[in-house]
> 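Okay, handing you the structure first.
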Amino acid sequence: MTRKSNTPPLYMHCDLNQFDLRELGSKFDVILIEPPLEEYKRQAGLPLTGQEATWDDIMSLEVEEVAAQRSFVFLWCGSSDGLDFGRQCLKKWGFRRCEDVCWIKTNFKKTNKLLDDSLFVRTKEHCLMGIKGTVRRSTDGDFIHANVDIDLIIEEEGEPGSNEKPEEMFHIIEHFCLGRRRLHLFGRDTSIRPGWLTIGPQLTKNNFDKETYSAYFRVTEENKTGYLSACSEEIERLRPKTPPPRDKKVERGAPASRGGRGRGMRKDIPGTRKDFTPGGLQPDLDRSNSRDMSLMDSRPVYADNRDDHYRTGVKPQHGRKREARDRGFRDSHLSR
């Protein structure tokens, strides 16, 4: 379904430090950012070339101007101080951090070199996920499919100093968010992909047209879902769903849950008699009825004694305190 609804691969070479993202003429449901951090070169022991991006450059991107009302951003932020800077970027762009996808780098094909400023060989990298707007698992099934993938990627690392990221990250995003307006910042020729608009300084070619791109998301007879991916009945049946909310209201006379404030009395329970005393329901002390005794021990019983405390001076209790009091009352009778 994702492949069928994808737009053709679109790409544009531009300097993101100078380019105004609003010139793209569209809002986006998903924004993936893969900045060429200086950290990658330092960890590999390579000299800086001046094409690396600083966190000031990344924070100056006007991502909030092209983010849709409900949208997601995925920001690769390295493995050191980038986690703190990444959270600051999300906050500045108006996103709330909600997940952290971790890439565990394997080295079956090569051996990492231990640098002088590193105590351990760094074998992981983080991608922070931010959410904008109100998106609920239980009501926004047309926009997200939650719990389809996990937040862990295990894949071979790239060449030293490389900015390449696992292709599985694209799969995770496309499975999760059904919005078809996807933007990839700091993309490369190797990351051009159907369904995505890829822009960045490392691209060597262009085919992006603003009017053509906007036309892909207009509602027509052939495209009835607009900017959303189509979903079949089978996918809707198989995808994980949020359980329906539990009704916390307790009707009068219904049994109270553990720790709740429901009032009333459990009826027709063997081994009890309806004696309205300060201690609630009293157990039947006929020890010859073993079945009734086992039920009494495993199922605490309550009675409505709100009227009793006016003549006994005992204040009624509810929830756990009341259950503990009744349990002590029952145990004192059984020990006789």
Side-chain angles (χ1 to χ4, degrees), residues 7 9-40 51-78 81-101 103 125-135 140 143-144 151 163-165 169-170 172-174 176-188 191-193 195-203 206 208 210 213-214 216-217 227-228:
T7 61
L10 300 173
Y11 38 87
M12 181 179 65
H13 169 82
C14 66
D15 184 359
L16 291 175
N17 293 328
Q18 306 294 331
F19 181 72
D20 187 354
L21 295 177
R22 288 173 291 189
E23 296 182 11
L24 297 175
S26 177
K27 297 287 187 178
F28 295 90
D29 308 305
V30 175
I31 303 174
L32 174 62
I33 307 175
E34 296 182 358
L37 299 175
E38 297 177 354
E39 172 186 334
Y40 302 143
Q51 298 181 355
E52 296 78 17
T54 65
W55 281 109
D56 290 336
D57 297 334
I58 301 169
M59 192 170 297
S60 64
L61 297 174
E62 296 181 339
V63 174
E64 66 275 12
E65 297 294 337
V66 295
Q69 184 176 2
R70 55 176 185 175
S71 55
F72 301 94
V73 64
F74 293 81
L75 173 62
W76 284 101
C77 54
D81 54 0
L83 283 171
D84 295 330
F85 288 117
R87 290 184 173 91
Q88 296 178 24
C89 290
L90 297 185
K91 184 177 180 180
K92 187 259 181 183
W93 297 332
F95 288 82
R96 308 182 304 277
R97 190 201 72 84
C98 58
E99 291 291 345
D100 180 359
V101 182
W103 171 24
E125 189 170 343
H126 296 269
C127 180
L128 295 180
M129 173 183 171
I131 179 175
K132 178 182 178 182
T134 302
V135 181
D140 293 303
F143 190 63
I144 61 170
D151 59 355
N163 195 40
E164 295 290 337
K165 298 296 185 293
M169 193 68 210
F170 290 101
I172 293 176
I173 295 174
E174 293 167 1
F176 169 72
C177 182
L178 302 185
R180 299 193 299 130
R181 300 173 296 184
R182 309 184 189 104
L183 177 63
H184 184 192
L185 300 181
F186 295 103
R188 302 160 301 281
S191 64
I192 294 175
R193 182 179 180 86
W196 289 80
L197 169 58
T198 307
I199 66 176
Q202 299 183 23
L203 291 167
N206 298 273
F208 174 72
K210 180 168 55 177
Y213 184 73
S214 300
Y216 289 129
F217 310 108
Y227 66 91
L228 297 176

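Both backbone and side-chain heavy atoms feed into the values below; hydrogens, waters and symmetry mates do not. Here the structure is a predicted model, which is why all the values come from computation and not from measurement.
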> Give, for atom CG of L61 and atom CG of D56, the distance between the pair rounded to the nearest 0.5 Å.
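So the CG of L61 and the CG of D56 are separated by 11.0 Å.
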> When rounded to the nearest 0.5 angstrom, what distance separates OG in S26 from CZ in R181?
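Here the rounded value is 5.5 Å.
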> Please list, chain by chain and in numerical order, all residues satisfying salt bridge (Lys or Arg N to Asp or Glu O under 4.0 Å) with D84, sequence neighbours excluded.
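Checked D84 against salt bridge (Lys or Arg N to Asp or Glu O under 4.0 Å); zero matches.
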> Please report the C-alpha distance between I172 and D151 in whole Å, then the side-chain angles of each, then the deciding distance to 0.1 Å, and finally whether the side-chain contact (heavy atoms from CB on, under 4.5 Å) criterion is met.
CA-CA 9 Å; I172 293 176; D151 59 355; over 6 Å; no
> Verify whether the ring centers belonging to W76 and F186 lie closer than 6.0 Å.
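Aromatic pair excluded; centres sit 6.0 Å or further apart.
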> Go through the steps to decide whether W55 and C89 satisfy the test side-chain contact (heavy atoms from CB on, under 4.5 Å), and finish with yes or no.
CA-CA 9 Å; W55 281 109; C89 290; 3.9 Å; yes
> Going by salt bridge (Lys or Arg N to Asp or Glu O under 4.0 Å), name the residues that satisfy it together with R87, two or more places apart in sequence or in a different chain.
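With neighbours one apart ignored, the set is empty.
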> Locate the shortest heavy-atom distance separating P35 from N163; write the atom from each residue and the value.
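Closest approach of P35 to N163, heavy atoms only: O-OD1, 3.3 Å.
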> My understanding is that only residues two or more places apart in sequence, or in another chain, count here; which of them pass salt bridge (Lys or Arg N to Asp or Glu O under 4.0 Å) with K132?
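Per chain and number, K132 pairs via salt bridge (Lys or Arg N to Asp or Glu O under 4.0 Å) with no residue.
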> Mind checking what makes side chain to side chain donor-acceptor pair (under 3.5 Å) contact with N206, not counting sequence neighbours?
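Result, side chain to side chain donor-acceptor pair (under 3.5 Å) vs N206: none returned.
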> Can you pull the side chain to side chain donor-acceptor pair (under 3.5 Å) pairs that have at least one residue in residues 90-99, sequence neighbours excluded?
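Passing the test, one end in residues 90-99: no pairs.
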> Identify the heavy atoms of G187 and L203 that sit nearest to each other, and give their distance.
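Nearest heavy atoms, G187 then L203: O-CG, 3.9 Å.
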> Run the side-chain contact (heavy atoms from CB on, under 4.5 Å) check on L37 and F85 step by step: do they pass?
CA-CA 12 Å; L37 299 175; F85 288 117; over 6 Å; no
> Could you state the interatomic distance from CG (L16) to CD1 (I199), rounded to the nearest 0.5 Å?
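One finds 5.0 Å between CG of L16 and CD1 of I199.
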> How close do L128 and D100 get, counting heavy atoms only, and between which atoms?
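That would be CD2-CG, 4.0 Å.
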> Give the minimum heavy-atom separation between D29 and G179, together with the two atoms involved.
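It is OD2-CA, 3.3 Å.
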> With sequence neighbours left out, what residues match E39 under salt bridge (Lys or Arg N to Asp or Glu O under 4.0 Å)?
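Partners of E39 by the salt bridge (Lys or Arg N to Asp or Glu O under 4.0 Å) criterion come out as none, since no residue qualifies.
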> Tell me, please, which residues at least two apart from H13 pass side chain to side chain donor-acceptor pair (under 3.5 Å).
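Not a single residue meets the side chain to side chain donor-acceptor pair (under 3.5 Å) criterion with H13.
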> Can you list the residues that meet the ring-ring contact (aromatic ring centres under 6.0 Å, His included) rule with F217, with sequence neighbours excluded?
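Y213.
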> For the pair W196 and I173, evaluate side-chain contact (heavy atoms from CB on, under 4.5 Å) and give the outcome as yes or no after the intermediate values.
CA-CA 11 Å; W196 289 80; I173 295 174; 3.9 Å; yes
> Using the test side chain to side chain donor-acceptor pair (under 3.5 Å), find all partners of N17 that sit at least two apart in sequence or belong to another chain.
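Testing N17 for side chain to side chain donor-acceptor pair (under 3.5 Å), a comparison that skips the adjacent residues, returns none.
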> With a 3.5 Å cut-off and sequence neighbours excluded, list the donor-acceptor pairs that the side chains of residues 62-75 form with protein atoms.
unit_1, atom_1, unit_2, atom_2, d
R70, NH1, D140, OD1, 3.1
R70, NH2, D142, OD2, 3.3
S71, OG, A68, O, 3.0

> So, for H184 and S191, which heavy atoms are closest and what is the spacing to 0.1 Å?
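Closest pair (atom of H184, atom of S191, distance): CE1-OG, 3.4 Å.
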> Taking all heavy atoms of G195 and all of R182, pick out the closest pair and write down the distance.
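Heavy atoms of G195 and R182 come nearest at O-NH1, 3.2 Å.
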> Using the test side chain to side chain donor-acceptor pair (under 3.5 Å), find all partners of T54 that sit at least two apart in sequence or belong to another chain.
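For T54 the side chain to side chain donor-acceptor pair (under 3.5 Å) partners, ignoring immediate neighbours, are D57.
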